Amino acid sequence: MFSDESRFSLQSDCRRTFIWRAPGTRYHQENTIERHRDGGAGWLVWRGIILGSRTDLHVQSVTMTCHIYRDAILEQHIRLFRGAMGAEFLLRDDSARPHRVNIVDECLQSEDITRMDWPAYSPDLNPIEHVWDMLGRRIAARQPPPTCLPELRRALLDEWCNIPQDQIDNLILSMPRRCKACIVSSGRHTPY
């Protein structure tokens, strides 16, 4: 299982807004856009993907802590997939600090969940990053866009269900090519 969390906010944090301006007018009012440093109000979203299936979207308003990760994610989502898949189950998380504390390690051991080894400071090849991008693009394309947190939450849940499973499966099946490309490029940029 590939798992990860990401933050979605009401205000876009996209830096792709380009404007043409006359030389020397960079800081004029008409050429500036106010941005909140953290993206404004939003939700922290967790999910997991495997070939042929996915978890429900877990949406929360607070930062992920080791206790939330253990109680809400491991106990309510990952443990169930581990039970259904059996001994072949392998967990790939993003090595974030809340995922690497003793209470999480103890929970994984008690549930006989094996975590994939992934070296620190290595390229993030987790295919779920591309699924985050799909979800973000779907939210951004909604008309009208979400204007409050309950609307954003509903949009996230709806769009998560609308992402075709075959697109997720294709991303997972690309892992051997992604790893090979990363090795060939010595860990530098790849087309993925």
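Side chains included, hydrogens not; waters and symmetry mates left out as well; all remaining heavy atoms used. Everything numeric here is computed off the predicted structure, so don't read it as measured data.
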**Q.** Pi-cation contact, Trp160 with Arg54 (under 6.0 Å, within 45°)
**A.** yes

Q.
Let me confirm one number: the OG-CG distance from Ser9 to Leu152, rounded to the nearest 0.5 Å.
A. 7.5 Å

Q. Residues two or more places apart in sequence or in another chain: which of them pass salt bridge (charged side-chain N to carboxylate O under 4.0 Å, His left out) with Glu159?
A. Arg138, Arg142

(Q) Under the rule for ring-ring contact (aromatic ring centres under 6.0 Å, His included), what residues qualify as partners of Trp43, not counting sequence neighbours? (A) none

Q. Roughly how far, to the nearest 0.5 Å, is the CZ atom of Arg154 from the CG atom of Leu149?
A. 14.5 Å

Q.
Please determine whether residues Leu80 and Phe2 belong to a single hydrophobic cluster, defined as Ile, Leu, Val, Met, Phe, Trp and Tyr linked transitively by side-chain heavy-atom distances below 4.5 Å.
A. no

Q) For Met64, what are the other residues in its hydrophobic cluster, where any two members join if their side-chain heavy atoms are less than 4.5 angstrom apart? A) Met1, Leu44, Trp46, Ile50, Val62, Ile68, Tyr69, Ile73, Leu74, Ile78, Phe81, Met85, Phe89, Leu91, Val101, Ile103, Val104, Leu108, Ile113

Q) At what distance, to the nearest 0.5 angstrom, does OG of Ser6 lie from CG of Asp4? A) 7.0 Å

(Q) If you define the side chain from C-beta out and look only at heavy atoms, does anything of Asp105 sit under 4.5 Å from Arg115? (A) yes

Q.
Measuring only between side-chain heavy atoms, which start at C-beta, is Leu156 closer than 4.5 Å to Leu135?
A. yes

Q.
Determine whether a donor-acceptor pair (N or O, by modelled atom type, separation under 3.5 Å) exists between the side chain of Thr55 and the backbone of Gly48.
A. yes

Q: List in chain and number order the residues that pass salt bridge (charged side-chain N to carboxylate O under 4.0 Å, His left out) with Arg79, two or more places apart in sequence or in another chain; answer none if no residue qualifies.
A: Glu75

Q. For Leu10 and Thr147, what are the C-alpha separation, side-chain angles and deciding distance, and is it a side chain to side chain contact (heavy atoms under 4.5 Å, CB included)?
A. CA-CA 7 Å; Leu10 288 171; Thr147 58; 5.9 Å; no

Q | Inter-residue atom distance Ile49.CD1 - Ile163.CD1, 0.5 Å rounding | A | 9.5 Å

Q | Sub-4.5 Å side-chain heavy-atom contact between Arg178 and Met175 | A | yes

Q. Does the side chain of Gln167 come within less than 4.5 Å of Val131's, by heavy atoms?
A. no

Q.
For the CZ atom of Phe8 and the CD1 atom of Ile139, what is their distance to the nearest 0.5 Å?
A. 7.0 Å

**Q.** Any residue meeting salt bridge (charged side-chain N to carboxylate O under 4.0 Å, His left out) with Asp71, in chain and number order, not counting sequence neighbours
**A.** none

Q: Provide the closest heavy-atom pair for Arg47 versus Leu57 in the form atom of the first, atom of the second, distance.
A: CB-CD1, 3.8 Å

**Q.** Euclidean distance, Asn170 CG relative to His130 NE2, rounded to 0.5 Å
**A.** 12.5 Å

Q | Pairing of Arg100 and Asp93 as salt bridge, 4.0 angstrom limit | A | yes

Q | Under 3.5 Å donor-acceptor, Asp169 side chain and Gly52 backbone | A | yes

(Q) For Arg153, give me all partners under salt bridge (charged side-chain N to carboxylate O under 4.0 Å, His left out), at least two apart in sequence or on another chain. (A) none

Q.
Is there a side-chain contact between His99 and Glu5 in this structure, where contact means two heavy atoms from C-beta onward sitting under 4.5 Å apart?
A. yes

**Q.** Arg82 side chain to Asp112 backbone, donor-acceptor under 3.5 Å
**A.** yes

